[in-house]
Amino acid sequence: MLKIYNSLTNQKETFTPIEANKIRMYVCGMTVYDYCHLGHARVMVAFDVVYRYLQSQGYNVTYIRNITDIDDKIIQRANDNGENFKALTERFIDAMHEDERALGIHPPSLEPKATDNIEEILGMISTLMEKGYAYQGASGDVYYAVAKFEDYGKLSGRNLEDLRAGDRIAVNTDKNDPFDFVLWKMAKQGEPYWDSPWGKGRPGWHIECSAMATKILGNHFDIHGGGHDLQFPHHENEIAQSEACTGEHFANYWMHNGFIRIDEEKMSKSLGNFFTIREVLEKYTAEEIRYFMLTSQYRSPLNYSTDQLDAAGASLDRLYTAMRGLTISTAPQNSSYETHYINAMNDDFNTPEALSALFDLARDINIARDKKENEKASELGALLLTLANGIGLLEGDIEAWFKGDDSKGGMSNDEIDSLVQQRLDAKANKDWSLADKIRDELVEAGVSLEDNGAETIWRRE
RNA sequence: GGCUGAGUAGCAAAGAGGUUAUGCUGCGGUUUGCAAAACCGCCUAGCCCGGUUCGAUUCCGGGCUCAGCCUCCA
């Protein structure tokens, strides 16, 4: 039975979809004015795992991840670059998709853009106006009146009183209440705008998610996710908008992933301490990045370090080694390994625990191979592959994992194969010194050998 | 100040009120022409103080420390 930690109640709850076998999930995506960093990668990986696992359990999942393609930062960046904001966002949407593909993320069912849903946004604001939850300030900006929504704070465990006790409230005399937030923002000279009953302007950040989620998934859906920093105020505001507008409960389960940290501090654009996905992909494979993220439960913070990425590579080596040269047959049903894995994943997507089931399999495959129990090894190999694939691991070509990239200079695969054959000949003649000389030469070139009975396999370090 | 989380061996990271987590690293052994890989074994744990219990790292209370949110943010 699947349990999900629900941020709304701060506890793990048994997951029950609204419609049997069907799950509707919305995850807050990126604001596209720059390249995605590792923090974005974590959201993508975390919910990719959720998406894959729910599908593997037989659910028909509609997974929406939106794109925020209009906001202050986008306008500012476009101005700085002297380009149209559309050109800017299209460039970074393409880049995001490249990164996503590179990381082996399954694309969401739909990626709605804010600018494609202005009609729905305006409709929602109108309804909020009619129902008295919104008002227009002297500046022309339209605000949501937080105090009108009784449940405000239910997601983040705060109430307006707590909030008011804080001393970090920006003074804004245009608003009735400092916690009111913008639904529609008037365009300044030269800024992009859309027409509305309140004047030319653009949507606020919060309303776009409410509008797109309810448009595509309906007023009431199963799962809403995003980074932990979005819990307040973004998700709180989404609830206030959506529930005030529709009169229905918004999302049943709220999932928030933990941050990537640098030196125990949040990685973020505002702190300037971030690594982009493409930057890290220059040094590490996508699978190493994914593995690194899966070693910790999605809600936990995760400290970035090259040591950890190196360790991820070493761990993957072990899994790939178990699979290397193995003939795959049919995975056994209902094995203890699978039970272990399923129980782990059912426990709020506990990937570290699920990984341990993979390593149990790897060890037993190795033992079976040592004992020449080939049938057993083939079956366990099939299972390892299936379970690993379920969380996006071991999807690549096994030989390619070890042999790496032939095109990066150094010795070519053919040259290596030729030297390996020469060494085999030397070994056959018991010319150990020549055999060792050839092996030393290969080690020098970053190639290590493994004698495996009559044959020799090799890998790039 | 308010609200959330977290503190586990050299590093990373889970579960479980008593029985080996797991991976990487280190050490010893088996294997190997020698290696590598593999296998077997070993060394390193549970922030502090109380309480509950026959028994707590695991539950409860109180500290301390760290991180996040309260402003844009994944």
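What's counted below: heavy atoms across the whole structure, side chains too, no hydrogens, waters or symmetry copies. Order of the sequence lines fixes the chain letters, A, B, ..., with proteins taken first and strands second; residue numbering starts at 1 for each chain. Note that the coordinates shown come from a computational prediction; the quantities given were computed from them, not determined experimentally.
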Write out a two-atom table: protein N or O, nucleotide N or O from nucleotides 37-42 of chain B, distance below 3.5 Å.
| from | atom 1 | to | atom 2 | distance (Å) |
| --- | --- | --- | --- | --- |
| B/A38 | O3' | A/N366 | ND2 | 3.0 |
| B/A38 | O2' | A/D370 | OD2 | 2.9 |
| B/C39 | OP1 | A/R318 | NH2 | 3.1 |
| B/C39 | OP1 | A/N366 | ND2 | 3.1 |
| B/C39 | OP2 | A/R318 | NH1 | 3.2 |

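Across all strands shown, B/G61 pairs with B/C49; the Watson-Crick or G-U wobble distances both stay below 3.5 Å. B/G17: no Watson-Crick or G-U partner with both key distances under 3.5 Å is found in any strand. Base pairing annotation: B/C42 forms a Watson-Crick or G-U wobble pair with B/G26, both donor-acceptor distances under 3.5 Å. In this structure B/A67 sits in a base pair with B/U4, meeting the Watson-Crick or G-U test at under 3.5 Å. Using the Watson-Crick or G-U wobble rule with both distances under 3.5 Å, B/A36 pairs with nothing in any strand shown.
Among the heavy atoms of the strands lying under 4.0 Å from A/G226 are primed sugar atoms or P, OP1, OP2 only; no base atom is included. Within the 4.0 angstrom heavy-atom criterion, no nucleotide atom of any strand lies near A/M44. A/S7 comes within 4.0 angstrom of nothing in the nucleic acid, heavy atoms only.
Here the CG-CD1 distance, from A/L355 to A/I391, works out to 4.5 Å after rounding to the nearest 0.5 Å.
For A/D310 and B/C11, a side-chain-to-base donor-acceptor distance below 3.5 Å is absent, hydrogens and geometry of angles not being considered. Judged by distance alone, with hydrogens and angles left aside, A/R42 brings no side-chain donor or acceptor close enough to the base of B/A74 to form a pair under 3.5 Å. A donor and an acceptor atom never sit less than 3.5 Å apart when one is taken from the side chain of A/N350 and the other from the base of B/G15.
Tested against A/F181 for a ring pair (Phe, Tyr, Trp, His ring centres under 6.0 Å), the candidates A/Y144, A/F232, A/Y143 yield a single pass: A/Y144.
Between A/K427 and the phosphate of B/C34, there is no side-chain N or O to OP1/OP2 separation shorter than 4.0 Å.
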